[in-house]
Amino acid sequence: MPAPTNASFSTATGPDVKVRFCPSPTGTPHVGLIRTALFNWAYARHNGGQLVFRIEDTDAARDSEESYEQLLEALRWLGIDWDEGVEIGGPNGPYRQSQRGDIYRELIEKLRDAGYLYESFATAEEIEARNVANGRDPKQGYDNFERTLTEEQREAYRAEGRHPALRLRVPDADLSFDDLVRGPITFPAGSFTDFVVVRPNGAPLYTFVNPVDDALMGITHVLRGEDILSSTPRQIALYHALIEVGITDVVPRFGHLPYVMGDGNKKLSKRDPESNLFHHRVRGFIPEGLVNYLSLLGWSLTHDRDIFSLDEMVGAFDVVDVNPNPARFDLKKAESINGDHIRMLAPADFEERIIPYLSGYISNPPTPIERVILHEAAPLVQERIALLGEVGHLLGPFFTADGELDFDDDAMPGADALLVLDAAAGALSQLNDWAAEHIERVLRESLVEGAGLKPRVAFGPLRTAVSGRRISPPLFESMELLGKESTLARIGRLSARL
RNA sequence: GGCCCCAUCGUAUAGCGGCCUAGUACGCUGCCCUCUCACGGCGGUAACACCGGUUCGAAUCCGGUUGGGGUCACCA
């Protein structure tokens, strides 16, 4: 019989800290999940400890290899590395629970022989019916009644052809722990009941394999979402059993990270595109920006600065500073931070990173000609975008043939722009030294000073002619990049449309 | 419903008993810069959920109320 143990919680600090990230490979990586990975990683790195990356694929019906690959891809993209786990191995492998069946089977026998696990034959319907019959709120769940089944009673169930699940006998005592982000928490005895750890077919459930692997792998700090806060007493109960049978000697410290919320008061759902990490990458978030924003969901570096690098985060991160209340995912703020990080990129780096976002306009890798244009054009947009995905719209016209440029409807000027276009073409055709400063000079002389037009009305039509857009990179630099011939051709082409 | 968690501007947060007539950032907004859009600069807007208590003094500590969320699966 399990004796109520006084848990000895881990006291590991510094290099002895060992955390883990253990997602289930279902669906595409969720930003909340990745935030959890980030905090675990930052905690390990800050302390000079270790991060274990384990896969909890015990639900064959929902798990997928594709999802597993995406998890790897997500962490690599963000620069989150691990010291032990899938892909790289380690002393406690294998790191996919689907491959650890033998380990679990042996442990289940051990725990069962020691009396911590008992057979449970009741179905969910029977448990509910039993509660109703006893005037007990069905929502209270299982009432532990099979704890005391006699061998004869069990035999009778088996004779009916029933196969039992296995439940853990939880202690009839209050269970307390000191949450790293929330402080002391106590669950009164009776508020958590004996729970199923092994299916009738012998397959262990998450409720079993999660604490077991944490114990086997020497995890000292469990940092996870607050959705499993309520199951912590049950896991501690399992830990006590594991300690009793000599599998481990400490219970890890727990820290429950706040939810990442969507609009309203609900968790950011997997159905919401904003929950999908890769959705943000497709739109043009760079890892530096996204990781910076994600770290701000429940944590902050200082009181007056929210743009910082991963290194700075690692240097300052401590899970006890994490805010316990739920954080809303604010796309606008995320984009703003991403824009700041884009502006901090070295020009050559920026140039490389936008190439994939220019597909449809240039080849990847770019041809030598495209490369030359790209090199000149990239600096024109680096400080005006928040998302790399914006480059297509801004730079596309530079990679479009004069005759194929489309003029956006909202950019089309009235027929009176003909005068402007003609005057500009006239002035420009006289210009031989084709540089932005000269282009600007002759255009200002003829249109602004000469014709007395406001800069806005003078240059608007030219912007449309050159870019086809109402909004574009700086006009004169654009003309320089395009070259004299192309610029005049485009001006003529727009004139013909008016 | 039982149990658990949470509660500062619209949002994310700073604040750990006096530095708070509550700071910063995003957002919104006024002005400046300006060939568009951005960037940048200078302003503005807006919060301690409520009620008690402790204290010379409370956003900070305690209790309660209200509100929100989670959990009570042979999912994870």
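Because the structure is a prediction, the values reported are computed rather than measured. Proteins get letters first, then strands, A, B, ... in listed order; numbering begins at 1 in each.
When Watson-Crick and G-U wobble pairs are counted only if both distances are under 3.5 Å, B:rC42 pairs with B:rG30. Nucleotide B:rG67 forms a pair with B:rC6, judged by Watson-Crick or G-U wobble geometry with both contacts under 3.5 Å. Using N1 to N3 plus N6-O4 or O6-N4 for Watson-Crick, or N1-O2 and O6-N3 for G-U wobble, each under 3.5 Å, B:rG18 pairs with B:rC56.
Put simply, the side chain of A:K333 and the base of B:rA25 share a donor and an acceptor less than 3.5 Å apart. For A:R182 against B:rC5, a side-chain-to-base donor-acceptor contact under 3.5 Å is absent. Looking at A:R384, its side chain has no donor and acceptor atom pair within 3.5 Å of the base of B:rC39.
Dashed line: the shortest gap from a side-chain N or O of A:R305 to OP1 or OP2 of B:rU13 is not under 4.0 Å. The phosphate of B:rU36 (OP1 or OP2) has no side-chain N or O of A:R463 nearer than 4.0 angstrom. At least one side-chain nitrogen or oxygen of A:S300 sits closer than 4.0 Å to the OP1 or OP2 atom of B:rA14. For B:rA76, the OP1/OP2 oxygens have no side-chain nitrogen or oxygen of A:R62 closer than 4.0 Å.
A cation-pi arrangement, defined by a distance under 6.0 Å to the six-membered ring centre and an angle within 45 degrees of its axis, is present between A:R130 and A:F145. For the pair A:R35 and A:F39, the cation-pi test (distance below 6.0 Å, angle within 45°) is passed.
Side-chain contact of A:S309 with A:H341: a donor-acceptor pair under 3.5 Å is absent, judged by distance alone.
Distances from the side chain of A:A165 to the nucleotides B:rC4, B:rA76, B:rC74 place B:rC74 closest.
What you find for A:S120 and A:Y142 is that their closest heavy atoms are OG-OH, 3.9 Å.
Using modelled atom types, no side-chain atom of A:N338 and backbone atom of A:A334 make a donor-acceptor pair closer than 3.5 Å.
Residue-level contact check: A:F476 touches the bases, meaning some heavy atom is under 4.0 Å from a base atom.
Place A:P23 and A:P455 on RNA chain B by their nearest nucleotides, and A:P455 ends up nearer the 5' end. Residue A:T186 is the one, among A:T186 and A:E477, whose nearest nucleotide of RNA chain B lies closer to the 5' end (criterion: closest heavy atom).
Atom CG in A:D137 sits about 17 Å away from atom P in B:rU71, given to the nearest Å.
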